[in-house]
Amino acid sequence: SEFITEDNVVEKFAGFDGLLVAPGFGHRGVEGKVEAVKYARENGLPFFGICLGMQMAAIEFARNVLGLKEAHSTEMNPETSEPVIDLMDEQKKVTAKGGTMRLGAYPCEINEGTLAAKIYDRLAISERHRHRWEFNNKYLEQFENAGMIASGKNPGTGLVEIIELSKHPFFIGVQYQPK
């Protein structure tokens, strides 16, 4: 992803059957991942984003569909004016980071009639997490009004666990790391 740009994304993905953007941390290759997600979204290429991959999908959609040109994650750009991905509230005061992530299995309720419901064939799941940054629910209404829905949420916290595009052959991102 470090070498994917707006100028070469078409040649990089010609002939691909799908795109997976995997989990990770840090800023390395982020802009290439955003370009790759944009290509998948605009060209109907099946897309699956896991953890950081879901976050890149949210950033790409915010920038290119919602017009939030400064959209980013506070992990990569702490000064962004559009933090569509942000630290969980309980993380904002933590200075010693060891062992402070959202770790382990957490429940998720899936909306009926969604791609996620079809994939899981049930509406309640539990999946493994390993991260500090989350989808910022301040932007959720804008996302859903523009066609990217939160098809799965944590029932206790309201945190977004799954995002998807309904008007795409297969476009889904999950905050967790699925089994």
From [X] [atom1] over to [Y] [atom2], what is the distance, rounded to the nearest 0.5 angstrom?
X: L115; Y: F48; atom1: CG; atom2: CZ; answer: 10.0 Å
X: E42; Y: N64; atom1: CD; atom2: CG; answer: 6.5 Å
X: L159; Y: T157; atom1: CG; atom2: OG1; answer: 3.0 Å
X: L66; Y: I59; atom1: CG; atom2: CD1; answer: 12.5 Å
X: I110; Y: E161; atom1: CD1; atom2: CD; answer: 10.0 Å
X: T80; Y: L68; atom1: OG1; atom2: CG; answer: 9.0 Å

[X] side chain to [Y] backbone, donor-acceptor under 3.5 Å:
X: E164; Y: A116; value: yes
X: S1; Y: K33; value: no
X: N136; Y: K138; value: yes
X: H168; Y: A40; value: yes
X: N154; Y: C108; value: no
X: Q55; Y: W133; value: yes

Partner residues of E2 under the salt bridge (charged side-chain N to carboxylate O under 4.0 Å, His left out) criterion, sequence neighbours left out: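 Only R28 meet the salt bridge (charged side-chain N to carboxylate O under 4.0 Å, His left out) criterion with E2.
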Among residues at least two apart in sequence or on other chains, which ones pass salt bridge (charged side-chain N to carboxylate O under 4.0 Å, His left out) with E31?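 Scan of E31 (salt bridge (charged side-chain N to carboxylate O under 4.0 Å, His left out), adjacent residues dropped) gives R63.
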What pair of heavy atoms forms the shortest contact from I50 to P178, and how long is it?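 The pair with the smallest heavy-atom distance is CG2-CD, 3.8 Å.
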Least distance between heavy atoms, L52 atom then M76 atom: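 In terms of heavy atoms, the two residues are closest at CD1-CE, 3.6 Å.
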Pairs touching residues 110-125 that satisfy side-chain hydrogen bond (donor to acceptor under 3.5 Å, both in side chains), sequence neighbours left out: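 Non-adjacent pairs meeting side-chain hydrogen bond (donor to acceptor under 3.5 Å, both in side chains): Y120-E127, Y120-Y176.
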Measuring only between side-chain heavy atoms, which start at C-beta, is [X] closer than 4.5 Å to [Y]?
X: R128; Y: K179; result: no
X: V37; Y: F47; result: yes
X: V174; Y: M54; result: no
X: N145; Y: E141; result: yes

side-chain contact (heavy atoms from CB on, under 4.5 Å) partners for M148, two or more places apart: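 By the side-chain contact (heavy atoms from CB on, under 4.5 Å) rule, M148 matches F61, F143, I163, L165, F171.
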Just to verify, what does E144 make a side-chain contact (heavy atoms from CB on, under 4.5 Å) with, not counting sequence neighbours?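 E144 satisfies side-chain contact (heavy atoms from CB on, under 4.5 Å) with L140, I149, A150 only.
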Applying side-chain hydrogen bond (donor to acceptor under 3.5 Å, both in side chains), name anything that partners [X], two or more places apart in sequence or on another chain.
X: R41; value: E60
X: E82; value: Y139
X: S73; value: none

Show the atom names and distances, to 0.1 Å, of all donor-acceptor pairs under 3.5 Å that link a side chain in residues 6-24 to residues at least two apart or in another chain.
| residue | atom | partner | partner atom | Å |
| --- | --- | --- | --- | --- |
| N8 | OD1 | T5 | N | 2.7 |
| N8 | OD1 | T5 | OG1 | 3.4 |
| N8 | ND2 | F3 | O | 2.8 |

Assess whether side-chain contact (heavy atoms from CB on, under 4.5 Å) is satisfied between E134 and I85, documenting all intermediate values. CA-CA 5 Å; E134 298 280 354; I85 304 297; over 6 Å; no
Does atom CD (E70) have a neighbourhood of more than 12 heavy atoms from anything else shown, all under 6.0 Å?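 No, the 6.0 Å shell around CD holds no more than 12 heavy atoms from other groups.
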I'd like to know whether H72 forms a side-chain contact (heavy atoms from CB on, under 4.5 Å) with V84, so could you lay out the CA-CA distance, the side-chain angles of the two residues, the decisive distance to 0.1 Å, and finally the verdict. CA-CA 6 Å; H72 221 308; V84 296; over 6 Å; no
